[in-house]
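Values in this document were obtained by computation on a predicted structure and should not be read as measured data. Numbering starts at 1 and runs along the sequence shown.
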Amino acid sequence: HLLKGWGYSRPSTGTGASGLFVYHNHFCCFAAMMCFYILGSAFLTDGRNWKTGLAVVICVLAVLCVALSRSRGGIIAFLVGAIVFGIAMAVLHRSWVRAHGRATVLLLSLGAILAISVSGVVYGQLSQRDSNLSSAGSVRLNLVRSAVDQFVENPWIGNGSGSYSYNVFAHWPPSLNLLQYDPQFAHNEYAQLLAEYGLIGCVLMLALIIILLKNFFTGERSTRSMRFECGCLAAAAVALSHSLVDFVMHAPINIFVLGF
């Protein structure tokens, strides 16, 4: 670490860069969300001052952090965010899209080819990094299955906040070493939400998301402001998609950024 000389040092996780975060997946999610927030905020300026240039530099650094994290789920979530951002911008500027149909098709095709190519390269490199990939995947599936089993026991109100970390002991396959993996989170925020808060908690969370999305699609705002909101929507897509495979929302800073 660059901060080692100032007393900041901890053992490497043996995966990718994690910055000041404990877990590299949390770091990747944070960097990806910030990339789209900053990209959206760049449109709030007139495009001719130093703020726009600074925003572009920060976006490039954020993309570099996403790549260095080597988080499989995080990189895929970043691509999901990029697709959402592109679609939202296309809808916002649909008159330009209609007027430049061929250029739009070409850009979308190039973007799709780039996304597929990057995904293939990333998956190949990360598979080589992790020789125990299938075992890790099996463990995560068992974590999710345990959350589902806990949800079935008390489907309406769940088992309580934080209950997954100790109820998992009653639903862990005996063939896997429980102490080796020390499961505290389900690596799927939605499954853990159901296990701990039940259907009522899940419906309340879904209602909150719908209200936020409704505010995005309704109301009169300037084009410049809506471009910024496209970046916010892409950042939310990153968080929601990454939550399918990791417990990224258990990092307070990620919750703060998403709430913003």
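- Side-chain contact between Cys65 and Phe27 is present, with heavy atoms from C-beta onward closer than 4.5 Å.
- Minimum heavy-atom separation, Ser71 to Gly74: OG-N, 3.0 Å.
- When side chains are defined from C-beta on, Met34 does not count as touching Cys59, because their heavy atoms never get closer than 4.5 Å.
- A 4.5 Å side-chain heavy-atom check between Leu240 and Ile209 finds at least one atom pair inside the cut-off.
- Placement of Phe36 and Ile255 within a single hydrophobic cluster is found when ILVMFWY residues are connected by side-chain heavy-atom separations under 4.5 Å, directly or transitively.
- Closest of all the heavy-atom pairs between Val238 and Gly81 is CG2-CA, 3.8 Å.
- Between Phe228 and Ser41, the shortest heavy-atom distance links the atoms CD1-N, 3.4 Å.
- Taking CD1 of Ile87 as the reference point, atom SG of Cys230 lies at 11.0 Å (rounded to 0.5 Å).
- Using a distance-only test at 3.5 Å, with no hydrogens or angles considered, a donor-acceptor pair links the side chain of Asn254 to the main chain of Val248.
- Atom CD of residue Gln150 and atom CG of residue Asn159 lie 6.0 Å apart, to the nearest 0.5 angstrom.
- Residues Leu143 and Phe151 do not share a hydrophobic cluster, defined by chaining ILVMFWY side chains whose heavy atoms lie under 4.5 Å apart.
- Contact annotation: the side chain of Ile83 never approaches that of Phe78 to less than 4.5 Å [non-hydrogen atoms, C-beta and beyond].
- Val245 and Val144 fall into different hydrophobic clusters, defined by Ile, Leu, Val, Met, Phe, Trp and Tyr side-chain heavy atoms under 4.5 Å apart, directly or through other members.
- Under the side-chain contact (heavy atoms from CB on, under 4.5 Å) test applied with Asp246, the options His187, His26, His24 reduce to a single match, His187.
- At a threshold of 4.5 Å between non-hydrogen side-chain atoms, the residues Leu233 and Phe85 do not count as touching.
- Here salt bridge (Lys or Arg N to Asp or Glu O under 4.0 Å) pairs that include residues 16-32, with residues two or more places apart or in two chains, number zero.
- Taken to the nearest 0.5 Å, the CD1 atom of Ile75 stands 9.5 Å off from the NE2 atom of His242.
- Shortest non-hydrogen contact noted between Val84 and Ala237 is CG2-CB, 3.7 Å.
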Take His250 and Glu189, measure what side-chain hydrogen bond (donor to acceptor under 3.5 Å, both in side chains) needs, and give me the verdict at the end. CA-CA 9 Å; His250 279 77; Glu189 296 286 17; 3.1 Å; yes
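- For Ile157, the CD1 atom counts as loosely surrounded, since its 6.0 Å shell holds 12 or fewer non-hydrogen atoms of other residues, nucleotides or ligands.
- Closest approach of Ala32 to Val66, counting heavy atoms only: N-CG2, 3.7 Å.
- Environment of CZ in Phe256: sparse, with no more than 12 heavy atoms of neighbouring residues, nucleotides or ligands closer than 6.0 Å.
- The distance from the CG atom of Leu244 to the OG atom of Ser241 is 7.0 Å, given to the nearest 0.5 Å.
- Note: the hydrophobic cluster containing Ile253 also contains Leu258 (ILVMFWY, side chain heavy atoms under 4.5 Å, direct or indirect links).
- Between Cys29 and Ala239, the shortest heavy-atom contact is SG-CA, 4.3 Å.
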Contacts under 3.5 angstrom, residues 194-206 side chains, donor-acceptor by atom type, not counting sequence neighbours:
| unit_1 | atom_1 | unit_2 | atom_2 | d |
| --- | --- | --- | --- | --- |
| Glu196 | OE1 | Gly162 | N | 3.2 |
| Glu196 | OE2 | Gly162 | N | 3.4 |
| Glu196 | OE2 | Tyr164 | N | 3.4 |
| Glu196 | OE2 | Gln192 | NE2 | 3.0 |
| Tyr197 | OH | Ser161 | OG | 3.1 |

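- Side-chain contact of Tyr23 with Asn25: a donor-acceptor pair under 3.5 Å is present, judged by distance alone.
- Two residues are said to be in side-chain contact when any heavy atoms from C-beta on lie closer than 4.5 Å; Ile58 and Leu54 meet this criterion.
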Given the rule in the side chain to side chain contact (heavy atoms under 4.5 Å, CB included) test, do Cys232 and Tyr37 qualify, once you have shown the distances and angles that lead to the verdict? CA-CA 6 Å; Cys232 295; Tyr37 277 134; 3.5 Å; yes
